[in-house]
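For clarity, every value in this text was computed on a predicted model and none was experimentally measured. Chain identifiers are assigned alphabetically (A, B, ...) following the order of the sequence lines, protein sequences preceding nucleic acid strands; residue numbering begins at 1 within each chain.
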Protein chains: 2
Amino acid sequence: MPAELRPSQALRLWHDVIFDLVRSDQPDLSARQQAVLLTVYLEPPPHTVRALARKLDVTKPAITRALDTMGRLGLLTRKRDEADRRNVVVQRTLEGALAVERLGDTIVARHRELPL
Amino acid sequence: MPAELRPSQALRLWHDVIFDLVRSDQPDLSARQQAVLLTVYLEPPPHTVRALARKLDVTKPAITRALDTMGRLGLLTRKRDEADRRNVVVQRTLEGALAVERLGDTIVARHRELPL
DNA sequence: GATGATCGTTTCGGAACCGAACTGTTACGC
DNA sequence: GCGTAACAGTTCGGTTCCGAAACGATCATC
């Protein structure tokens with residue numbers, strides 16, 4: 001636990017990071033898409049469509065669409081599970097990893113700039 | 001500046017908060033809508049459509065639509081500026097203030113739970 | 001090998017959103 | 001007064017997203 005954070009500081013941090021996301025020319029992802037992306041990159045694999053849908057409490061087509069969009073953006077890829085060919089496992093990509101890394105850096109930077 | 005935050009912790013925090021937002025039954029706002037809402041509630045007034053558009057580097061219709069949606073949700077209201085009747089000033093609402101406050105609490109809570 | 005369950009995807013009508021261009025209103029310089 | 005600039009909102013065609021339902025493919029069971 002890295003020291004306390006006051007609500008006003010928390011909101012300021014959120015605002016500043018969202019602000020950077022909106023202003024950046026990177027395609028802006030919806031909350032759901034961000035949730036999927038970060039889950040894939042932070043939680044241990046494997047990640048299937050069904051598991052993601054249940055975890056985020058959204059419908060399966062919503063996950064499929066999110067994967068479509070982010071796949072088009074090169075942020076992740078899909079691959080048939082050869083062990084059980086009904087499953088599709090979501091895989092990370094270099095580009096996706098870089099995007100996530102950039103987000104992390106943005107948060108850290110904005111956090112560092114928070115006023116007392 | 002409330003103590004350093006490592007990139008892995010920053011991403012975990014972002015993931016956890018986004019996760020809560022997606023799972024909550026509250027209407028999920030896009031990044032732009034969040035940016036508008038937080039700007040209105042954190043930055044000193046007055047907030048006009050044009051100023052918000054320029055600040056976030058998006059088009060005016062995008063701001064108008066965001067205000068339509070969030071107005072429908074009761075998160076903020078519009079009012080003609082009587083001094084200069086061309087302007088519309090965005091005003092805060094009780095419900096919006098509560099929503100922002102909830103977000104702040106969520107961030108603080110998730111931050112408190114961060115692993116070392 | 002037929003049956004039923006479990007995958008991810010597709011389809012469907014409806015809703016929200018996008019930027020460019022335009023409209024109507026108001027303020028200001030001349 | 002008159003013309004111009006600035007403002008918010010609206011219109012337009014096209015894109016994206018939504019959940020419910022249906023779909024085909026695959027596995028497990030008997």
So, under a plain 3.5 Å distance rule, would you say the side chain of A/Arg65 forms a donor-acceptor pair with the base of D/dG19? yes
In whole Å, what is the span from the CD atom of A/Glu82 to the C1' atom of D/dA25? 14 Å
Please classify the nucleic acid contact of A/Ser30 as base, sugar-phosphate, or nothing, using heavy-atom distances under 4.0 Å. nothing
First of A/Ala62 and A/Asp84 reached from the 5' end of DNA chain D, by closest nucleotide: A/Ala62
Euclidean distance, atom CG of residue B/Leu29 to atom C1' of C/dC17 [Å, nearest integer]: 14 Å
Are the charged groups of A/Arg12 and B/Glu43 less than 4.0 angstrom apart, N to O? yes
Without decimals, in angstroms, what is the distance between A/Arg50 CZ and C/dA5 P? 14 Å
Can any side-chain N or O of A/Arg110 pair as donor or acceptor with the backbone N or O of A/Asp105 at less than 3.5 Å? no
Quick one: which of D/dG9, C/dG8, D/dC7 gets closest to the side chain of B/Asn87? D/dC7
Contact class for A/Gln33 (heavy atom, under 4.0 Å): base, sugar-phosphate, or nothing? sugar-phosphate
Partner of B/Glu82 under salt bridge (Lys or Arg N to Asp or Glu O under 4.0 Å), chosen from B/Lys79, B/Arg80, B/Arg85: B/Arg85
Grab the CZ-C1' distance between B/Arg80 and C/dG24 for me, whole Å please. 10 Å
Rounding to 0.5 Å, atoms CG (B/Leu56) and CG (B/Leu52) come to a distance of 6.0 Å
Counting side-chain heavy atoms from CB outward, which of D/dG19, C/dA27, D/dG9 is closest to A/Arg32? D/dG19
Would you mind checking if A/Arg78 and A/Asp68 are paired as a salt bridge, meaning a charged N to carboxylate O distance below 4.0 Å? yes
Rounded to the nearest angstrom, tell me the gap between atom CD1 in B/Ile63 and atom P in D/dC7. 14 Å
Candidate nucleotides D/dG9, D/dC7, D/dC27, ranked by approach to the side chain of B/Arg78 - the nearest: D/dG9
From NZ of B/Lys60 across to P of D/dG9 the rounded distance in Å is 9 Å
If you only use heavy atoms from C-beta on, which nucleotide in C/dT9, D/dG9, C/dC18 is closest to the side chain of A/Val88? C/dT9
Under 4.0 Å between any heavy atoms, over every strand shown, what does A/Ala51 touch: base, sugar-phosphate, or nothing? Just pick one. nothing
Gap between atoms CG and P, on A/Asp68 and D/dT16 respectively (whole Å): 11 Å
Between A/Thr48 and B/Arg86, which has a closest nucleotide on DNA chain C that is more 5'? A/Thr48
May I have the distance from B/Asp57 (atom CG) to C/dC18 (atom P), rounded to whole angstrom? 14 Å
Choosing from D/dC17, C/dG19, C/dA27, which nucleotide comes nearest the side chain of A/Thr69? D/dC17
Among the candidates D/dC27, C/dA20, D/dG9, find the nucleotide nearest to the side-chain atoms of B/Pro61. C/dA20
